[in-house]
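A quick write-up on the structure given underneath.
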Protein chains: 2
Amino acid sequence: MSSPSAHPKDATALERLRKAGLRPTRQRLALAKILFANGSRHVTPESLYTEAKGKRVNLSLATVYNALHDFTERGLLREISIEAGRSYFDTNTSEHHHFYYERTGKLQDVALDSVRITSLPDAPAGEKVKRVDVIIRLAR
Amino acid sequence: MSSPSAHPKDATALERLRKAGLRPTRQRLALAKILFANGSRHVTPESLYTEAKGKRVNLSLATVYNALHDFTERGLLREISIEAGRSYFDTNTSEHHHFYYERTGKLQDVALDSVRITSLPDAPAGEKVKRVDVIIRLAR
DNA sequence: AATGAATTTTAGAATAATTCTAAACGGATA
DNA sequence: TATCCGTTTAGAATTATTCTAAAATTCATT
């Protein structure tokens, strides 16, 4: 096998991991390449695992869970909870919102400025607002 | 044992179930009494099961799941998904939002009018906006 | 290139939440 | 009261996720 940096996109994945302070292991590099190759994506651990396997990446499901959590902790991903019993990870870590297609379970980004929130309650004493999630649930 | 309607609150629970088209079984009545006795509440299947057991209501966890889903389908409850792997049910079915205390996993209602949303994107073609959920995540 | 310490990966077991199954039960109606 | 059909139940099954301890890999140092 050639070294990872022989391919153009590896540099990006490698840089990302380096900047995040994560050791660029073969598995993390492969996952980062899949996740950040194109635009914004939403994956579940299972979907990412299947996709990686499909690309002949040899790794275990536990590693996918580990990587998704590590990436999230280091700010490379954002976790979204929409439905009990299924977690989603979003490669778009900037502030934004979501459409959720209830029928299919798919997520779609909604630009931050297309939802205008002009008032919010104060945070209860001793607490700070960490994030405001807006989920626009869609049905036919 | 006295008949359920011998107690004042039973009438309310009974009525609720009747109106919703749900057979007022002993288990459903007991759960409805617990859920709707006071103001707005947020329960998990497990927490409601434990609470019912504590009150000497004899039922199984599966029944709690069944009842929560039946109640939700009939509009008596609203399901909220905040965290993967845990579902919450809210006795407040009117439109409103939530504070979510990440540390403790507790939910708190936020009045509809304390969050003013002055613009929303159009629903994608073929879809309708079913609901807009705003979750204000709190941390210290 | 070899060494070694620390981190990461892995398979499989363990745990947790939820759903399923099929039998027993109970509420509604005649 | 008899019957029908929805409901409850215990326990098994399923699904999602985390844990565990051993093996492998990375990275810094020789």
Side-chain angles (χ1 to χ4, degrees), chain A residues 1 3-5 10 13-32 34 42-50 52-53 56-74 76-77 79-89 105, chain B residues 1 3-5 10 13-32 34 42-50 52-53 56-74 76-77 79-89 105:
Chain A
M1 297 232 186
S3 80
S5 52
D10 293 5
L14 188 62
E15 275 168 29
R16 257 179 221 271
L17 294 178
R18 285 254 154 83
K19 277 184 194 158
L22 291 168
R23 267 198 200 175
T25 63
R26 181 171 49 77
Q27 292 85 343
R28 283 177 177 164
L29 273 167
L31 293 176
I34 292 173
H42 303 94
V43 301
T44 62
E46 195 62 41
S47 78
L48 180 58
Y49 176 66
T50 303
K53 281 292 191 186
R56 309 280 157 70
V57 179
N58 251 332
L59 43 44
S60 71
L61 182 56
T63 297
V64 174
Y65 274 97
N66 290 340
L68 288 172
H69 288 136
D70 294 341
F71 288 9
T72 301
E73 269 172 23
R74 303 309 183 100
L76 264 33
L77 292 176
E79 191 172 0
I80 305 169
S81 299
I82 296 281
E83 244 187 5
R86 173 173 247 163
S87 41
Y88 289 84
F89 293 84
Chain B
M1 299 242 181
S3 79
S5 53
D10 293 5
L14 188 62
E15 275 166 31
R16 258 178 220 270
L17 295 179
R18 284 255 154 83
K19 276 184 196 160
L22 292 167
R23 258 197 209 178
T25 62
R26 181 171 50 76
Q27 293 86 343
R28 283 176 177 165
L29 272 167
L31 293 175
I34 292 173
H42 304 93
V43 301
T44 62
E46 196 61 44
S47 78
L48 181 58
Y49 176 67
T50 303
K53 281 293 190 185
R56 311 280 157 69
V57 179
N58 251 331
L59 43 45
S60 71
L61 182 55
T63 298
V64 174
Y65 274 97
N66 289 340
L68 287 172
H69 288 137
D70 294 341
F71 288 9
T72 302
E73 268 171 24
R74 301 310 182 101
L76 263 32
L77 292 175
E79 190 171 1
I80 304 170
S81 298
I82 297 280
E83 243 188 7
R86 172 173 248 163
S87 43
Y88 290 84
F89 293 85

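Letters A, B, ... mirror the listed sequences (proteins, then strands); counts begin at 1. Just so it is clear, the values below take in all heavy atoms, side chains as well, and ignore hydrogens, waters and symmetry mates.
- Remark: Ala52(A) pairs with Leu31(A), Ile34(A), Val57(A), Leu59(A) by the side-chain contact (heavy atoms from CB on, under 4.5 Å) rule, at least two apart or across chains.
- Rounded to whole Å, the distance from CG on Leu68(A) to C1' on dA16(D) is 13 Å.
- For Pro45(B), counting side-chain heavy atoms from C-beta on, the closest listed nucleotide (dT18(D), dT19(C), dT18(C)) is dT18(C).
- Heavy-atom contacts from other residues, nucleotides or ligands closer than 6.0 Å to NZ of Lys19(B) number 12 or fewer.
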Check: Would Leu61(A) and Glu46(A) satisfy side-chain contact (heavy atoms from CB on, under 4.5 Å), going step by step from the backbone distance to the final call?
Finding: CA-CA 8 Å; Leu61(A) 182 56; Glu46(A) 195 62 41; 3.9 Å; yes
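- Put simply, CG on Leu17(A) is 14 Å from C1' on dT7(C), counting in whole angstrom units.
- Two residues are said to be in side-chain contact when any heavy atoms from C-beta on lie closer than 4.5 Å; Leu17(B) and Arg74(B) fail this criterion.
- To the nearest 0.5 Å, atom CZ of residue Arg16(B) and atom CG of residue Leu29(B) are 12.0 Å apart.
- At dT17(D), none of the side-chain N or O atoms of His69(A) fall inside 4.0 Å of OP1 or OP2 (strictly under the cut-off).
- The side-chain heavy atoms of Leu76(B) and Leu22(B), taken from C-beta on, include a pair separated by under 4.5 Å.
- Distances shorter than 4.0 Å separate none of the side-chain N or O atoms of Tyr65(B) from OP1 or OP2 on dT19(C).
- At the phosphate of dA28(C), OP1 or OP2 sits under 4.0 Å from a side-chain N or O atom of Arg18(B).
- Looking only at atom types and distance, the side chain of Thr50(A) has no donor-acceptor partner in the side chain of Ser47(A) under 3.5 Å away.
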Margin query: Counting primed atoms plus P, OP1 and OP2 as sugar-phosphate and everything else as base, spell out the protein contacts along nucleotides 5-15 of chain D at 4.0 Å heavy-atom distance: B, S or - for each nucleotide, 5' to 3'.
Written below: BBSBBS-----
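- Taking atom CZ of residue Arg86(A) and atom C1' of nucleotide dT18(C), one finds them 14 Å apart after rounding to whole Å.
- Note that the two end axes of the helix from dA1(C)-dT30(D) to dA30(C)-dT1(D) enclose an angle of 30°, each drawn from 5 base pairs, rounded to 10 degrees.
- Put simply, the side chain of Asp70(B) reaches to within 4.5 Å of the side chain of Arg28(B), judged on heavy atoms.
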